[in-house]
Amino acid sequence: MDFGDSPEEAAFRAEVRAFLAPHAPREALRYRGGHELATLLAEQRAWQRVLFEHGWAVPGWPRECGGRGLTAGQRQIWGEELRRAGRSGSMLSGGLDMLGPTLIQHGSAEQKARFLEPTARGDILWCQLFSEPGAGSDLASLATRATRDGEGWLVNGQKVWSSFANHADMGFLLARTDPKAPKHAGIGFFLVDMTAPGIEVRPLIEMTGGNHFNEVFFSDVRVPAENLVGGPGAGWTLARTTLMHERLSIGSFSALEPFERVAREVREQGGAEPVLADELVRLYTWAKALDLLAARVRTRLARGPDPGPGALVLKNAVSDVMLRAADLGMRALGEDALAAAGAFHHDFLFAPSMHIGGGTEEVVKGVAAEQGLGLPREPDATKGVPWDALPRSGSAR
Amino acid sequence: VNFAWSEEQDEFRASVRRFVAERWPVAEARRLAATERGFDPAVWRQLADDTPPASGDGLPGGQSRRPGLGLLGLAVPEAHGGQGFSMLELSIALDELGCELAGGPFFATACLAARALANVATPAEQAELLPALASGETIATLAVADAPSLATPEAVGCRARDGRLSGDKRWVIDAQNAGLLLVAAREPESRGEDGVGLYAVAAAAPGVRIEPAAGLDLTRKLAHVSLDGAPARRLGAAGSAWPALARTLAEAAIGLAAEQIGAASRCLELAVAHAKQRLQFGRPIGSFQAVKHRAVDALTLLELARSAAWWSAWVASRRPSELFEAAAVAHSTACEAFEKAAYECIHLHGGMGFTWEHDAHLYYRRARADRVLLGDPSAHRAQLARSLRLEKVQP
């Protein structure tokens, strides 16, 4: 047990700092609403190019795929130093943290050769095309169809909650290839060109007033055979890999950040009253413990495939910390909370999405109970039933 | 950052677990609760025996040393008859004892008293007093504040004059079992930190009255101590013990957190095991979402608190500058996790969990009492609020 840097880790940190100091732009990039997404994307692409030129674009990928094959400890240090330099988080992370690792694990040699390098360079902005109006928590019930069209596929249907789809070059799509198979078995994982004819992207305005998400409509969209990853029925397995990597990328986030934002406000005001101060310190204890838990999960992952039950509760714990921080931030504002905008208004309006996106609070708890505590599964009435015989809400066909 | 225990530490944990499961399981803790002392002297002697397990023979010294089961001397320097390990190993032992609510005066002797002596006493005094603690010959305890609270210098009211102490210390952990009382007292006319000293008082000395107190927590013995001109011997330098006492109590909060993690883990294990086999509406109750979510809420707090507890034990042994912050974080999260797990253990057992005969209430009682012993977590957080500069400074 050692919470300091080992000599090797200290050397690696020095190496990272030596690279970042002259190269990282001084201005921190921070998403603060919808209108400047295109500007933000341009800045992030330029930065990704700098990273690529110096071999730091995808340090967590294996060496043979253009990465550095960093250990879990090194990835942590890389994340910490990026954060310190105001460079953490990226619109490109769908490709860097989700699609890339999925292709590395499941893609054909040809697919890797075609997509990995431009993804690492930031040339391709990838969006995720998973959720549908009728398939949220029960993602595997999705209805978007991929039918055989000669050698290739023809896609019809609708996706929703696709982050940055209106800026994306490519998307990774789950579509039903076999409606007669049980719901998990008949899904394919496709790579689609977002400029292909028949794709229509309609931006959604969220409750924050910003635009993150989109609806994506497919009408007879042609997808070539070589853009199917794995077999036509392998999509569910691949999606699980993708979602696992999405969860792991949460590890590069520090739960102390939202606390620190509130703490700064409170310090500027000369301190808080005892009740608010106590709630803030309580938030601090959770946030600190959460960062420690994330580090513990990374240590486990570095030693074997099982990250332990702690990994399964991270997502909900992060969401709770964000909700709490937003609430305390608004409280610290006093009457200024009544204004249309302020230091914590975006956080406050964004916070309810935390327990919905990436698996709802309830779904995540169910998984933690079954995989982490070994509690029995809910009896599943849809098991083994062909997808086209299932009752579904909001058909997208 | 490396969050893994060493192989030696893992093996040590396993051997403590075996020992506790065999010699001091919760059924035994329940039986001992009804006795005056709350421990079995034969098992106590075994807790002190530091003969390393057979497989550990011949290991080289230094980092790869494997702790023997001599738990009482675990964190006592080798020169004074102990094993010379740190709060990390001590926290492993407390965690495993906590699982079964076992240990009796272990916490008082090995964590409170032994650490107080190591932090406050001179080397000569340590050489004289520590070996008897490590060998199990002397049971000892520590009373800093006059009543359980976050220890501040103001909470030390007991008076020291001409080598005699007068004053009361309430709810002292295992005082009725102790031969040696370590008592904080202040010199006449002193205020604040100045003038606070640590004194050794023999429990059998004249002027010492120890009155066992019936407590909420049935598996930890407490007593009220009254001192009326009791002869006492000052340890360490005159009147300047406060900083070392404050460190000792921060270490105690970290040790207590480890014990709470063990107990909370057991509560969750019991609840989950029950939810897997109890059938209602034709299926295990653990397959219902509402039941799963309760269990996962407890798991979440436990995993957070466990991470904080492990880190805090490392801080106690390696990063003195972060000791007070680590103690507050570990204490606050451990109290919340243990209380939640103990409550859910009762609730998920339904009517059975509410009976005297089920162990759930023993843990529930312990969880609540632990919140009080070293001061409520909110008091620790208030201290942390000041060091994080979050609290309005009163003019």
**Request:** Count the heavy-atom pairs under 4.5 Å between each of B:D297, B:L268, B:V291 and chain A, then report the option with the highest count.
**Result:** B:D297
**Message:** Taking every non-hydrogen pair under 4.5 Å, which of A:V266, A:L373, A:D291 racks up the most with chain B?
**Reply:** A:L373
**Item:** Atom pair CH2/CG of A:W61 and A:L70 - distance to nearest 0.5 Å
**Value:** 13.0 Å
**Message:** What I want to find out is whether A:D138 reaches A:R392 closely enough, with some N-O distance under 4.0 Å, to be called a salt bridge.
**Reply:** no
**Message:** At a 4.5 Å cut-off on heavy atoms, which part of B:W314 comes close to chain A: side chain, backbone, both, or neither?
**Reply:** side chain
**Request:** Flag the one option from A:E370, A:Q269, A:R282 with the top tally of heavy-atom pairs under 4.5 Å to chain B.
**Result:** A:R282
**Prompt:** chain B heavy atoms under 4.5 Å from A:T285: which part of the residue, side chain, backbone, both or neither?
**Reply:** both
**Message:** Only pairs of heavy atoms separated by less than 4.5 Å count here; which of B:P284, B:A308, B:S287 has the most with chain A?
**Reply:** B:S287
**Asked** Is the shortest distance from a Lys or Arg side-chain nitrogen in A:R87 or A:E81 to a carboxylate oxygen in the other one below 4.0 Å?
**Response** no
**Prompt:** Hey, does the Lys NZ or Arg CZ of A:R300 hover above the aromatic six-ring of B:F3, less than 6.0 Å from the centre and inside 45° of the axis?
**Reply:** no
**Message:** Could you check whether A:R17 pairs with A:E80 (Lys NZ or Arg NE/NH1/NH2 to Asp/Glu carboxylate O, under 4.0 Å)?
**Reply:** no
**Prompt:** Can you say whether B:L88 sits under 4.5 Å from chain A via the side chain, the backbone, both, or neither, judging by heavy atoms?
**Reply:** side chain
**Message:** If we define contacts as heavy-atom pairs under 4.5 Å, which of A:A317, A:G372, A:G308, A:G270 has the most with chain B?
**Reply:** A:G270
**Fill in**
Under 4.5 Å to a heavy atom of chain B? For A:R296 that would be both
**Item:** Minimum side-chain heavy-atom gap B:E89-B:Q83 below 4.5 Å
**Value:** no
**Item:** Side chain, backbone, both or neither of A:E9 within contact of chain B (heavy atoms, under 4.5 Å)
**Value:** side chain
**Asked** Under a 4.5 Å cut-off applied to non-hydrogen side-chain atoms, are B:C99 and B:E269 in contact?
**Response** no
**Reference residue B:E303; test side-chain contact (heavy atoms from CB on, under 4.5 Å); the match among B:L301, B:T300, B:L299** = B:L299
**Message:** Out of B:L388, B:V272, B:L302, return the one with the most heavy atom pairs under 4.5 angstrom to chain A.
**Reply:** B:L388
**Item:** chain A contact via B:S378 - side chain, backbone, both or neither, heavy atoms under 4.5 Å
**Value:** both
**Prompt:** Does NZ or CZ of A:R324 come closer than 6.0 Å to the centre of the six-membered ring of A:W286, within 45° of the ring's axis?
**Reply:** no
**Prompt:** In terms of heavy-atom proximity below 4.5 Å to chain B, should A:E361 be classed as side chain, backbone, both, or neither?
**Reply:** neither
**Item:** When B:Q289, B:Q9, B:E336 are compared by non-hydrogen pairs under 4.5 Å with chain A, the top option
**Value:** B:E336
**Prompt:** Who among B:T333, B:V315, B:V329, B:L384 has the most heavy-atom pairs with chain A under 4.5 Å?
**Reply:** B:V329
**Message:** Quick check for you: among A:A277, A:P376, A:A369, A:P274, which has the greatest number of heavy-atom pairs under 4.5 Å with chain B?
**Reply:** A:P376
**Asked** Can a cation-pi geometry be assigned to A:R68 and A:W56, taking NZ or CZ under 6.0 Å from the six-membered ring centre and within 45° of the ring axis?
**Response** yes
